[in-house]
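Have a look at the structure below before the remarks.
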Amino acid sequence: MRKSIILFITLMTLSCNSSHKKDVAEPSTNSIKPNIVVIYLDDLGYGDLSSYGATGLQTPNIFALAKDGIKFTNAYASSATCTPSRYALLTGVYPWRNKKAKILPGTAPLLISTEQQTLPKFLKKQGYQTGIVGKWHLGLGTGIVNWNERVSPGPNEVGFEESYILAATQDRVPTVYIENGNVVGLDKNDPIQVSYEENFDGEPTAISNPEMLSMKWHHGHNNSIVNGIPRIGYMKGGESAKWSDIDMADHFLQKAQTYVKSHKEKPFFLYYAMQQPHVPRTPHPRFSGRSGLGPRGDVILEADWCIGEFIKTLETEGLLENTLIIFSSDNGPVLNDGYYDDAVEKLGDHDPKGGLRGGKYSIFEAGTRVPFITYWKGKIEPGVSDAIVCQMDLLASLSTLIGAEDTSTDSKNILNALLGTSQKGRDHLIIEATGKTALRSGDWLYIPAYDGKNFREEVGIEVGNFPFEQLYNLMEDKGQTNNLANSNLEKLAEMNTLFIELRGKDYNKGVKEVIFQ
């Protein structure tokens, strides 16, 4: 049987130094390539899983991966928001190098250049079949899109041979599925129109027609109404193509299962980008009310179930024993992200941050430190790793795994950490949150001084803006309660110098206040 590697990134974050010590994993010498699957969750926090200490939620399928795989405690998304993290994951490039790498509207042009290296493009050149199922949010087209014709460029033009996606996020228009550039189920007699600037004549909105709403908006989400849910942006037409929100998890699961079944005879790479627990949280009725924490908790249980079903498919198809699974999330947690859905009111003792400070949008640890698990039955020895790893490093690591090393990006070879043959990870990592950057180096985190408000009432999160430098020893102070900048001037100077060396003197250029939609 062919070696199969399924990188399960429902929450991903790998970064490790390339090394030539004996404990470093050697590239595969097999003539048959392993399969690779990445599963990525959306807004899942460090403390949202029972495998990471959550007691208010039980996620048994993810727990099983952690128990029999490697659970990383110092794993990072590159950024505290979704678009930049996904950009880094697929390109191996720090998102702060691309000034357009920020939260994108559904009408944004493709963020990834069709000329640059990407993980799927690299694997495709090595003989892999490549596919994406789920959330994209990296832009489509050139900025002026006719949704009634094939939309290009998109995933298919940056390395994915097959794509079945939602364009941006579940709370943004267009609320349709797109398969290989074409809107699924579109009636050409009912063409789609999309705008993020102004509404179309006569079309209802959350402001003009609140009686049509089944979900109440809190901030930003007050434009077009689809399935009773107010969205960001305006849309007209395309009625036959609009998705069913409560069926989205099942829909993407079926597409991911089908992809595995239909491509199992040849090496494949599947990026399974799940939408949970991003807003709007719309659990299927099977899961509604099951968590006791409101819809946010329900959709996390739903995601765990989907993962379990997906793993069953791998096992049934004879792939599991030769499959590396990496599980991670694109950024940290947020409770109220635009809708009233009881996420705050029903939180109880559950701590989505897992004892960290901040959350989504934040330069504090809860913004970018995420769950990350690798699993490969019979190949990876179970354990816990404190190695500093980042999702951006998948490109270099997986290229090493298949014996075709790539060193053209910011991505570092962390294969030894991924496979558990070493506890050594990255020495240094620049993390990013809405334009702000900071440095993780060893046990230490350095945050430069930034202007603006720290606590943002809209989402109830500290974003990390202070007019003074911050220095934390994260091994001793996980919750970042003790700023050592004034008491350890030598370390502060060392970290500042290293930060400027890695990031550049213009790190503060163009940094603006966070705008929550």
Side-chain angles (χ1 to χ4, degrees), residues 7 9 12 36-38 40 78-79 81-169 172 174 176-184 194 196 259 263 267-273 330 391-399 402 404-411 432:
L7 285 170
I9 296 181
M12 301 191 36
I36 301 170
V37 177
V38 171
Y40 211 38
S78 73
S79 308
T81 52
C82 46
T83 295
S85 291
R86 291 161 197 271
Y87 177 84
L89 187 155
L90 292 178
T91 67
V93 173
Y94 275 122
W96 46 263
R97 297 193 190 280
N98 185 339
K99 296 188 181 302
K100 295 181 180 179
K102 55 186 178 181
I103 302 175
L104 298 178
T107 53
L110 180 64
L111 179 62
I112 300 173
S113 168
T114 57
E115 303 300 318
Q116 74 183 102
Q117 181 69 286
T118 69
L119 177 57
K121 186 183 293 185
F122 180 86
L123 294 174
K124 183 179 177 182
K125 289 179 180 178
Q126 303 304 316
Y128 277 77
Q129 300 168 112
T130 56
I132 173 176
V133 170
K135 175 179 173 176
W136 178 238
H137 208 188
L138 288 165
L140 294 168
T142 59
I144 301 177
V145 174
N146 182 349
W147 300 97
N148 307 290
E149 299 177 352
R150 185 174 186 277
V151 179
S152 176
N156 299 80
E157 285 69 42
V158 295
F160 289 106
E161 293 177 292
E162 297 183 25
S163 64
Y164 195 99
I165 63 170
L166 56 89
T169 56
R172 286 174 171 82
V176 297
Y177 297 120
I178 302 171
E179 184 173 19
N180 296 322
N182 297 300
V183 173
V184 177
V194 176
Y196 276 72
Y259 185 88
H263 293 86
F268 63 80
F269 166 64
L270 174 63
Y271 173 37
Y272 180 15
D330 63 350
Q391 299 161 9
M392 181 176 63
D393 296 327
L394 286 177
L395 178 55
S397 303
L398 297 180
S399 67
I402 63 174
E405 188 175 5
D406 180 87
T407 58
S408 63
T409 67
D410 294 314
S411 185
E432 183 266 340

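Here the side chains of Leu119 and Ser399 are not in contact, with every heavy-atom distance at 4.5 Å or above. Within the 4.5 Å cutoff, side-chain heavy atoms of Cys82 are placed close to those of Lys135. Under the 4.5 Å side-chain criterion, counting only non-hydrogen atoms from C-beta, Leu89 is in contact with Leu394. When side chains are defined from C-beta on, Ile36 counts as touching Leu398, because their heavy atoms get closer than 4.5 Å. Contact check for Ile132 versus Tyr259: no side-chain heavy atoms found under the 4.5 Å cut-off. Between Phe269 and Phe160 the shortest side-chain heavy-atom distance falls below 4.5 Å. The side-chain heavy atoms of His137 and Arg172, taken from C-beta on, include a pair separated by under 4.5 Å. In this structure, the side chains of Lys102 and Thr83 stay at 4.5 Å or more apart for every pair of heavy atoms.
Listed for the Ser85 side chain is a donor-acceptor partner under 3.5 Å among the backbone atoms of Asp330. Distance alone, capped at 3.5 Å, is enough to place a donor-acceptor pair between the Thr130 side chain and the Gly159 backbone. Not one N or O on the side chain of Asp406 forms a donor-acceptor pair closer than 3.5 Å with the backbone of Ala396.
The only member of Ile112, Leu138, Leu111 that meets side chain to side chain contact (heavy atoms under 4.5 Å, CB included) when paired with Arg86 is Leu138. With Pro120 as the partner, the side chain to side chain contact (heavy atoms under 4.5 Å, CB included) test is satisfied by one option alone out of Leu270, Leu90, Val158: Leu90.
Between Pro267 and Gly127, the shortest heavy-atom distance links the atoms CG-O, 3.8 Å. In this structure, Ala404 and Phe122 approach most closely via the heavy-atom pair O-CZ, 2.5 Å. Between Glu161 and Asn156, the shortest heavy-atom contact is O-ND2, 3.2 Å. The two residues Pro84 and Ser78 have their closest heavy-atom pair at O-OG, 3.6 Å. Residues Val194 and Tyr196 approach most closely at CG1-CE1, 4.1 Å, considering heavy atoms. Of all heavy-atom pairs between Pro95 and Ala88, the closest is CD-CB, 3.9 Å.
Ring orientation note: the planes of Tyr164 and Tyr177 are tilted relative to one another, at an angle of 30° to 60°. The aromatic rings of Tyr271 and Tyr40 sit tilted relative to each other, their planes meeting at an angle between 30° and 60°.
Here the OG atom belonging to Ser408 is positioned 6.0 Å from the CG atom belonging to Leu395, to the nearest 0.5 angstrom. Atom CD of Gln116 and atom CG of Asn98 lie 7.5 Å apart (nearest 0.5 Å). Interatomic distance, Gln129 CD to Leu123 CG, rounded to the nearest 0.5 Å: 12.0 Å. Between Ser152 atom OG and Asn180 atom CG the span is 11.0 Å, to the nearest 0.5 Å. Here Lys121 contributes atom NZ and Glu115 contributes atom CD; the two are 6.5 Å apart, rounded to the nearest 0.5 Å. Note: Met392 CE to Thr409 OG1 = 7.5 Å, rounded to the nearest 0.5 Å.
A search for ring pair (Phe, Tyr, Trp, His ring centres under 6.0 Å) contacts involving Tyr94 returns Trp96, not counting sequence neighbours. Residues forming a side chain to side chain contact (heavy atoms under 4.5 Å, CB included) with Asn148 (at least two apart in sequence, or on another chain): Asn146, Leu186, Pro191, Ile192.
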Determine whether Tyr128 and Ile402 satisfy the following criterion, side chain to side chain contact (heavy atoms under 4.5 Å, CB included), listing intermediate values before the conclusion.
CA-CA 11 Å; Tyr128 277 77; Ile402 63 174; 3.2 Å; yes
Checking side chain to side chain contact (heavy atoms under 4.5 Å, CB included) for the pair Leu104/Trp136: CA distance, chi angles, key distance, verdict?
CA-CA 11 Å; Leu104 298 178; Trp136 178 238; over 6 Å; no
